[in-house]
Amino acid sequence: AKKKIAVPGVGEHPLQYNYSFWYSRRTPGRPASTQSYESNIRQIGSFASVEQFWRFYSHMIRPGDLTGHSDFHLFKEGIKPMWEDDANKQGGKWIIRLRKGLASRCWENLILAMLGEQFMVGEEICGAVVSVRFQEDIISIWNKTASDQATTARIRDTLRRVLNLPPNTIMEYKTHTDSINF
Amino acid sequence: GTRIIYDRKFLLDRRNSPIAQ
């Protein structure tokens, strides 16, 4: 069923873009094929204003409290959090691996920067993901054009600033075509 | 056009505004 497009309520503070939250969890023992990925991902809902964002976010479990192999995705409304989406096909992502205990704070700082348009890269941002794993957690931010080095450099520099990470934190850029081939 | 830019503090301050409850 087609989801209703979100609109800001009266007196609320509109965002530059509407966004949708998604949640996915890997079923143990299943291969990670495209089909099973798509069937394991659920849209939580969409929002158009700062206040609507908080209404969702305040009721969501913090990434650091998730167990098992799970992900939260926050993407612009209309973009699926998948490589195959037209907005992502030519794109890539910055990946930051986090030791356990940092995911909740880093995820919040990352999505607040995205919602508040702190990256200053025009239409380039597609969405962000936090992936909870056994040994470590991973946050990533996806953009449309992997070949645009000025954009990817600006995203990296903004990430460093808004996440306030230790200077030795490793940041890795991966194009989605690399991920597909891998 | 004009972009709608919010800093972290502005967003956090809206968290407990009556309209968000």
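The analysis underlying the following values was restricted to heavy atoms, covering all of them including side chains, and did not include hydrogens, waters or symmetry mates. Proteins come first, then strands; the chains are lettered A, B, ... in the order of their sequence lines, and each starts at number 1.
Relative orientation of the A:Phe75 and A:Trp142 rings is perpendicular, given thresholds of 30° and 60° on the angle between their planes. Ring-plane geometry between A:His13 and B:Tyr6 is classed as perpendicular, the angle between the planes exceeding 60 degrees on a 0 to 90 degree scale with a lower cut at 30.
Checked by atom type, the side-chain pair A:Thr145/A:Asp148 shows no donor-acceptor distance below 3.5 Å. No side-chain donor from either of A:Asn40 and A:Tyr23 sits under 3.5 Å from a side-chain acceptor of the other.
For A:Phe53, no part lies under 4.5 angstrom from a heavy atom of chain B.
Taking 4.0 Å as the cut-off between side-chain N and carboxylate O, B:Asp13 and B:Lys9 count as a salt-bridged pair.
By a heavy-atom distance cut of under 4.5 Å, A:Asn109, A:Leu112, A:Gly116, A:Glu117, A:Gln118, A:Met120, A:Gly122, A:Glu123 are the residues of residues 109-135 of chain A near chain B, going up by number.
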Donor-acceptor pairs under 3.5 angstrom involving side-chain atoms of residues 89-99 of chain A: please list them, not counting sequence neighbours.
from, atom 1, to, atom 2, distance (Å)
A:Lys89, NZ, A:Asp86, OD1, 3.0
A:Trp94, NE1, A:Thr152, O, 2.9
A:Arg97, NH1, A:Glu136, OE2, 3.0

